[in-house]
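Remember, predicted model here, so these are calculated numbers, not experimental data. Every chain is numbered from 1 and lettered A, B, ... according to where its sequence line falls, protein lines coming before strand lines. Hydrogens, waters and symmetry mates are skipped; everything else that's a heavy atom, side chains included, is used.
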Number of protein chains: 2
Amino acid sequence: MQLLMLKGDIKDRIEKIRKFYLRNKRMPSYSEAASLFGFRSKNAAYKLIGKLKDLGLVSSDEKGKLLPGDLNNPVKLLGSISAGFPSPAEEELQDTMSLDEYLINNPTSTYLLKVEGDSMIDAGIHPGDLVLVDKSVVPKTGDIVIAQVDDEWTLKYFEKKGRAVYLRPANKKYPLIKPKQELIIGGVVIANVRKYK
Amino acid sequence: MQLLMLKGDIKDRIEKIRKFYLRNKRMPSYSEAASLFGFRSKNAAYKLIGKLKDLGLVSSDEKGKLLPGDLNNPVKLLGSISAGFPSPAEEELQDTMSLDEYLINNPTSTYLLKVEGDSMIDAGIHPGDLVLVDKSVVPKTGDIVIAQVDDEWTLKYFEKKGRAVYLRPANKKYPLIKPKQELIIGGVVIANVRKYK
DNA sequence: CATTATAGTGTACGAACGTTTACTATGTCA
DNA sequence: TGACATAGTAAACGTTCGTACACTATAATG
């Protein structure tokens with residue numbers, strides 16, 4: 001009974017740290033954490049956070065400064081759908097991750113583009129979707145690339161047969177493109193993102 | 001000529017700050033920035049960063065601590081595809097954003113699920129995709145929900161006609177589901193994410 | 001009951017913090 | 001040439017930092 005109360009307290013404290021991080025885009029110092037928790041003494045916060053460290057809930061760097069760990073990773077990971085959907089109650093021991101970190105390998109060469117047109121709809125890329133394009137990736141057969149065709153940029157499957165290169169739309173309505181001369185590739189699509197709400 | 005050199009310098013410095021942030025998950029102090037830039041004096045960093053602030057490239061909070069601004073938003077935004085694809089050269093004045101912030105409205109009630117099965121393939125949700133599910137959203141007709149059918153969780157379109165509720169797959173292979181008794185909805189799909197590489 | 005843990009207060013310490021001021025080179029420009 | 005801006009060094013300020021130690025009050029335990 002008291003153990004549950006304790007856990008609730010801890011969750012509360014962590015939630016406060018999380019909100020501080022959301023507000024200030026950095027982790028609190030110990031004195032800031034103290035006033036966050038309503039303590040008079042920053043040492044109270046120091047000891048409390050020491051306990052959270054033991055539990056693996058927060059961590060700090062070599063300078064003692066608190067690190068935003070899984071705490072602040074925005075999404076909680078569940079298993080796959082058919083594996084059973086955990087109930088809302090059991091919110092402990094969940095893995096978390098950041099979509100940014102998951103999707104993007106090369107931040108400096110990756111761009112976000114809004115898709116217009118339905119030439120890739122059979123590949124599950126719809127108009128209005130956002131595609132992540134990495135300019136530093138060399139396209140291979142089967143990759144989806146953004147290429148310049150007739151002074152327009154479009155999404156196509158990239159296909160290489162010997163020396164010849166083709167661009168194949170993922171929509172039967174459109175023809176295979178055999179570039180006559182120049183073929184400018186803007187980058188390789190490394191991810192597709194669709195927002196519903 | 002010198003102006004361009006200067007700009008290159010500035011880009012270099014910002015890149016170093018960005019990498020520090022990536023490594024340490026926090027912004028550097030001024031003395032840390034100084035050694036980052038190769039300065040002996042932390043005041044050199046202070047004045048440099050002061051200039052970056054004037055240019056709107058970095059900012060600090062009321063305690064003087066540096067904030068991770070657009071600097072560290074992972075993705076650069078380009079326009080839509082047909083609007084023309086900016087050349088790699090003109091990398092200035094680009095808007096940036098974080099996918100996490102863009103996609104997730106309610107961090108505490110949003111989960112990530114891996115899709116298995118092809119029941120939503122006509123909606124562009126493929127096996128292996130990740131869907132973001134918000135448990136706090138009340139489903140409306142047309143929404144994609146994750147629902148429990150016959151002790152299994154699946155993705156379906158949610159449809160409400162009067163008092164009746166149906167679950168419609170986005171794949172002609174599967175039938176419309178008319179729940180007999182219980183209908184457990186796990187949440188509403190607010191986004192779909194597919195990673196290619 | 002005495003004992004031991006727990007949770008928080010208060011104070012202290014050296015180091016690091018953000019910021020200011022003074023100073024030195026090195027160009028630039030009229 | 002002389003005046004002036006630029007880029008960096010150096011030292012100093014009051015404040016806050018992370019950390020440590022001593023202490024108190026309350027609750028749990030044998």
Report yes if the side chains of Leu132(B) and Tyr196(A) come closer than 4.5 Å at any heavy-atom pair, otherwise no.
no
Whole-Å distance between dT6(D) C1' and Asp54(B) CG?
14 Å
Between Ser60(A) and Lys53(A), does any side-chain donor sit less than 3.5 Å from a side-chain acceptor?
yes
Pick base, sugar-phosphate or nothing for Ser60(A), based on heavy-atom distances below 4.0 Å to the nucleic acid.
nothing
What is the separation between atom CD on Glu62(A) and atom P on dT19(D), rounded to the nearest whole Å?
11 Å
Distance in angstrom units between Lys63(B) NZ and dG14(D) P, rounded:
20 Å
Pull out every residue in residues 39-48 of chain B that has a heavy atom closer than 4.0 Å to any atom of DNA chain D, ordered by number, or say none.
Phe39(B), Arg40(B), Ser41(B), Lys42(B), Asn43(B), Ala44(B), Lys47(B)
Find the distance Lys53(A):NZ to dT19(D):C1' and express it as a whole number of Å.
10 Å
In whole angstrom, give the distance that lies between atom CG of Leu67(A) and atom P of dG18(D).
12 Å
Hey, does the side chain of Thr110(A) reach the backbone of Asp134(A) with a donor-acceptor pair shorter than 3.5 angstrom?
no
Atom pair distance, as rounded to whole Å: CZ in Phe37(A) and P in dA7(C):
13 Å
Spacing of Tyr30(A) atom OH relative to dA15(C) atom P, expressed in whole Å
19 Å
Check whether any side-chain N or O of Lys65(B) sits under 4.0 Å from OP1 or OP2 of dC17(D), and answer yes or no.
no
Would you find a donor on one side and an acceptor on the other, under 3.5 Å apart, between the side chain of Asn171(B) and the backbone of Lys173(B)?
yes
Within the 4.5 Å heavy-atom criterion, are Asn43(A) and Tyr30(A) side-chain neighbours or not?
no
N/O donor-acceptor pair under 3.5 Å between Asp143(A) side chain and Val145(A) backbone:
no
